[in-house]
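Notes follow the structure.
Labels below follow one simple rule: chain letters A, B, ... track the order of the sequence lines, proteins then strands, and each chain is numbered from 1.
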Amino acid sequence: MKNIIIDLIKESLYKINKNDDIAIDNIEVSLCKNKKFGDFSSNVAMKYASQNNENPRDFAKKIINAIEDNNNIIKIEIAGPGFINFFISKKTQFSIVDKILEDKNEYGKNNSGENSKILIEFVSANPTGPLHVGHGRGAAFGDCLSNLLSENGCEVVKEYYVNDAGKQIDILTLSVLQRYHELINSDDKFSYEGLYKGDYVWDIAAEIHRNYKLDYFIEDLKKHINNSIDLYIFNIKNILSVNKFLKIKEISVEYILKDIKKTLSISGIDYNSWFLESSLISDNSLENIIDHLDKNNHTYNKEGALWFKSKELGDEKDRVLIKENKDHTYLSTDIAYHNNKIARNFNKVINIWGADHHGYVSRINGAFNIFSNGKSELIILLVQFANLYRGDEKVSMSTRSGDFVTLEQLVKEVGKDATRFFYLARKSDQHMDFDIELAKSNDSNNPVYYIQYAHARICSIFRQLDENKMHFDYNKNYLDLLVEEEEISIIKKLYSYPDIIINSSSKYEPHLLTNYMRELAQEIHSYYNKYQVLIENEKLRNARLALIKSAKYVFENSSKIIGINMPEKM
RNA sequence: GCGCCUGUAGCUCAUCUGGAUAGAGCAUCGGAUUUCUAAUCCGAGGGUAAUAGGUUCGAGUCCUAUCAGGCGCACCA
């Protein structure tokens with residue numbers, strides 16, 4: 001419908017303006033907020049009046065006069081400063097119910113993203129511990145965004161980048177070895193700052209001890225301590241042998257990854273691809289990339305380290321690629337990683353990062369542009385933190401100290417549906433408060449239940465229908481009988497669903513969809529309370545059934561994108 | 001100190017990329033079930049959109065400054 005109006009306006013503008021000096025590819029038509037203004041409205045007249053040396057209302061009048069008759073439209077008005085308001089015939093409005101009943105679970109899908117191949121990388125938390133609630137928001141956001149993009153016809157690959165190389169993993173390995181040491185020789189306990197302390201470190205150590213007994217035991221571990229953690233790691237690698245150290249590293253990473261995958265799985269998230277940082281080293285990608293940067297004058301040596309000239313690419317300062325001790329930095333593998341993404345021929349590469357990484361954006365953007373040559377677009381979306389509350393009490397967290405609520409605990413406590421919905425219900429660049437008590441509550445405080453209940457009520461009506469030995473006989477012509485204000489309002493809401501899908505996807509804002517679902521639920525509840533669906537009048541009954549049935553499809557389709565269930569009974 | 005994000009009802013947040021009278025939920029108060037699930041509905045009060053300027057037909061939305069909060073400024077990832 002909207003497109004019909006846009007076309008009408010376009011034609012009209014062509015007629016008025018033969019020399020065509022108005023940019024008319026961007027005509028805005030939107031649903032009216034207030035129904036007294038009509039059904040659709042456009043601001044073209046106001047927008048382009050000045051270009052045409054006219055006042056908006058006069059220009060609007062001209063446009064309207066030039067619009068051809070169309071039997072979908074019953075009235076066109078000028079209002080306010082120069083809005084053009086369109087009143088749509090009832091029949092045309094009802095046709096959306098017909099369309100939804102035909103499209104069913106396809107309603108909302110579109111092909112605006114056809115031929116667009118997108119890589120979306122999210123969470124990518126270091127495998128140095130379980131996912132915690134801070135990761136949850138990025139997880140829900142990335143997964144929902146993937147669903148949205150797919151709904152728009154994009155080909156989407158969801159990827160998790162596993163940082164299984166580098167210093168943090170060495171520290172994890174060291175942490176495990178120390179616990180393992182303590183398990184074997186409980187008299188020889190000592191503390192060392194900066195190691196990972198969570199219970200899971202003990203679990204890994206215990207597993208190694210169970211399977212390998214004393215194979216990795218180091219006598220007098222204490223003797224090899226060094227104040228510098230780098231040197232401490234260096235010593236242990238030497239004494240234990242690099243291979244044995246690697247083995248412990250592998251076991252630890254594997255253990256933690258298994259845990260991470262389990263958490264993601266109960267959160268309803270599955271990835272298409274797990275990309276290992278270590279693979280960039282073993283297949284020489286890292287080396288090649290450094291070479292390439294070297295040859296193209298993007299690097300220099302200083303103080304024994306190799307530096308990346310990121311400042312000239314928009315960064316605050318230059319960054320180290322290869323440290324003085326010849327270890328690579330995180331940045332250097334990350335550049336190789338992004339080059340790999342480019343090589344895989346994606347039109348868009350989306351990274352979802354925690355907002356604490358914003359300082360990292362410009363350097364990776366700079367590096368990306370060196371390699372992509374405009375072939376592929378990098379989009380970095382920052383997700384703000386979520387503060388966890390239990391009622392009024394703030395829950396504090398710190399990974400290193402091991403004092404945190406894991407994502408698994410959260411999902412188990414409040415459920416997958418509420419967890420996902422709450423994470424998604426806010427604009428991602430907004431700080432948010434996540435109240436566990438609220439998410440757990442099953443009354444009107446909780447929008448998840450509110451929405452599910454609306455859906456369950458629709459299902460209930462159809463159950464009643466069966467029990468009363470009645471049938472849903474759909475007939476398009478009965479739709480004319482839907483004359484109540486609430487019914488028209490629901491129809492408009494249903495009509496706007498595909499726009500929400502396009503909008504929330506192109507703006508990367510899933511919260512538009514959660515808002516929409518709540519609004520639709522509200523309309524359904526109001527309607528349910530005011531009007532009876534299962535009534536004597538057969539034609540009206542079937543018209544109403546058709547209406548709520550199409551609402552049910554929209555609940556189903558949207559909930560699938562959000563990743564929550566829609567129970568038939570509650 | 002520099003950079004990024006944010007500031008809307010008592011609280012949590014929307015506002016469809018600049019549009020018409022800034023909207024929801026919670027909380028508060030008052031109502032609604034012999035009828036498809038009251039996990040619901042209806043109504044009421046509640047606002048100088050942090051502050052001050054600017055841009056234009058029109059600003060919560062864009063620009064500047066100030067104030068307040070969060071985050072970042074590693075040869076960590």
Side-chain angles (χ1 to χ4, degrees), chain A residues 28 30-34 36-37 41 43 46-47 49-50 55-57 79-83 85 124-126 128 163 165-169 171 230 277 302-307 316-317 319-331 333-334 354-362 382 384-385 387 392 425-427 429-433 435 438 441-447 449-450 452-454 456-465 467-468 496 499-500 503-504 506-507 509 511-512 514-516 518-519 521-522 524-535 544 548 569-570:
Chain A
E28 285 175 50
S30 56
L31 276 170
C32 288
K33 276 183 210 164
N34 189 328
K36 83 174 182 208
F37 293 129
S41 100
N43 59 2
M46 292 181 290
K47 236 178 164 173
S50 60
N55 90 47
R57 286 189 69 107
F83 286 104
N85 293 333
S124 297
N126 287 346
T128 52
N163 299 123
K167 186 168 165 179
Q168 293 304 326
I169 293 297
I171 294 174
D230 286 335
E277 181 187 8
K302 194 178 90 183
E303 293 158 3
L306 182 70
W307 293 72
E316 289 169 14
K317 51 180 170 184
R319 308 286 172 177
V320 169
L321 289 171
I322 304 291
K323 302 182 211 174
E324 198 180 355
N325 69 3
K326 301 304 163 208
D327 279 347
H328 65 269
T329 59
Y330 177 80
L331 174 65
T333 39
D334 213 16
D356 53 334
H357 284 67
H358 65 75
Y360 197 78
V361 172
S362 55
L382 299 175
Q384 284 292 342
F385 293 145
N387 293 315
D392 289 333
R426 306 276 174 258
K427 214 166 162 179
D429 60 4
Q430 278 277 4
H431 300 266
M432 71 173 277
D433 293 336
D435 184 350
L438 181 63
S441 69
N442 45 359
D443 53 28
S444 59
N445 291 348
N446 190 334
Y449 284 93
Y450 185 83
Q452 289 176 330
Y453 188 38
R457 276 179 148 177
I458 294 175
C459 296
S460 167
I461 291 174
F462 279 94
R463 272 198 305 276
Q464 289 284 323
L465 185 74
E467 281 164 25
N468 295 337
S496 66
D499 270 355
I500 297 288
N503 250 322
S504 52
S506 62
K507 292 166 76 174
E509 292 182 354
H511 76 281
L512 296 174
T514 55
N515 284 348
Y516 173 87
R518 199 186 194 289
E519 286 161 12
Q522 185 165 30
I524 293 296
H525 282 308
S526 292
Y527 183 56
Y528 183 95
N529 264 276
K530 195 162 173 186
Y531 299 99
Q532 190 83 7
V533 173
L534 300 181
I535 47 172
R544 288 183 171 172
I548 61 169
K569 247 184 207 175
M570 287 174 76

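Taking atom CG of residue A/Asp327 and atom C1' of nucleotide B/A74, one finds them 14 Å apart after rounding to whole Å. Atom OH in A/Tyr527 sits roughly 16 Å away from atom P in B/A38 (whole-Å rounding). We find that CG of A/Leu306 is positioned 13 Å from P of B/C75, with the value rounded to whole Å. Whole-Å rounding puts the A/Phe37 CZ to B/C16 C1' distance at 17 Å. When rounded to the nearest whole Å, the span between OH of A/Tyr330 and C1' of B/A77 equals 6 Å. With rounding to whole Å, A/Gln168 atom CD is found 14 Å from B/C75 atom C1'. Protein atom CD1 of A/Ile169 is 12 Å distant from nucleotide atom C1' of B/C76, rounded to whole Å.
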task: For RNA chain B, produce a single dot-bracket line, 5' to 3'. Pairs: Watson-Crick or G-U wobble, both distances under 3.5 Å. Symbols: ( ) within strand, [ ] crossing, | other strand, . unpaired.
output: (((((((..((((.....[...)))).(((((.......))))).....(((((..]....))))))))))))....
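Residue ring and base: A/Phe83 counts as stacked with B/A20 (centre distance below 5.5 Å, interplanar angle below 30°). Residue side chain A/Tyr450 fails the stacking definition with respect to B/A39, as its ring centre and the base's six-membered ring centre are not both under 5.5 angstrom apart and under 30 degrees in plane angle.
Listed nucleotides: B/C36, B/A74, B/C76. Nearest to the side chain of A/Arg319: B/A74. Here B/A39 is the nucleotide among B/A39, B/C41, B/G19 with the atom lying nearest to any side-chain atom of A/Tyr453.
Applying the ring-ring contact (aromatic ring centres under 6.0 Å, His included) criterion to A/Phe83, with sequence neighbours excluded, gives no partner residue.
At a threshold of 4.0 angstrom between heavy atoms, the contacts of A/Lys427 are confined to the sugar-phosphate backbone, with no base atom among them. Heavy atoms of A/Asn43 sit under 4.0 angstrom from at least one base atom. If you check every strand for non-hydrogen atoms under 4.0 Å, A/Glu324 touches a base. Residue contacts shown for A/Asp230 are absent, as no nucleic acid heavy atom lies under 4.0 Å away. If you check every strand for non-hydrogen atoms under 4.0 Å, A/Gln522 touches sugar and phosphate atoms only. Counting any heavy atom pair closer than 4.0 Å across all strands shown, A/Gln532 reaches a base atom. If you check every strand for non-hydrogen atoms under 4.0 Å, A/Ser30 touches nothing. Among the protein residues, A/Tyr516 comes within range of no part of the nucleic acid, since none of its heavy atoms lies under 4.0 Å from any strand. Residue A/Pro56 is classed as having no contact, given no heavy-atom separation below 4.0 Å to the nucleic acid. Counting any heavy atom pair closer than 4.0 Å across all strands shown, A/His357 reaches a base atom. Here A/Ala79 lies in heavy-atom contact (under 4.0 Å) with a base. Counting non-hydrogen atoms under 4.0 angstrom, A/Tyr360 reaches a base of the nucleic acid. Residue A/Ala305 is in base contact, counting any heavy-atom pair closer than 4.0 Å across all strands shown. No contact: A/Leu321 has no heavy atom under 4.0 Å from any strand.
Each of A/Ile169, A/Asp334, A/Asn126, A/Asn163 was compared with A/Glu277 under the side chain to side chain contact (heavy atoms under 4.5 Å, CB included) criterion, and only A/Asn163 meets it.
Spacing between B/C26 and B/U21 at atom P, rounded to whole Å, works out to 28 Å. As rounded to the nearest Å, B/G23 and B/G43 have P atoms that lie 15 Å from one another. The gap from the C1' atom of B/G46 to that of B/A22 amounts to 14 Å, rounded to the nearest Å. With C1' as the reference atom, B/U17 and B/C11 are 28 Å apart, rounded to whole Å. For the C1' atoms, the distance from B/A9 to B/A14 is 13 Å, rounded to whole Å.
In this model, a side-chain donor or acceptor of A/His358 finds a partner on the base of B/G3 within 3.5 Å. A/Asp356 contributes no side-chain N or O that forms a donor-acceptor pair with the base of B/G72 under 3.5 Å. Between the side chain of A/Ser41 and the base of B/A20, a donor-acceptor pair under 3.5 Å is found.
Although no hydrogens or angles enter the test, the distance criterion places a donor-acceptor pair under 3.5 Å between the side chain of A/Thr329 and the main chain of A/Val320.
Ring centers of A/Tyr453 and A/Tyr528: at least 6.0 Å apart, outside the cut-off.
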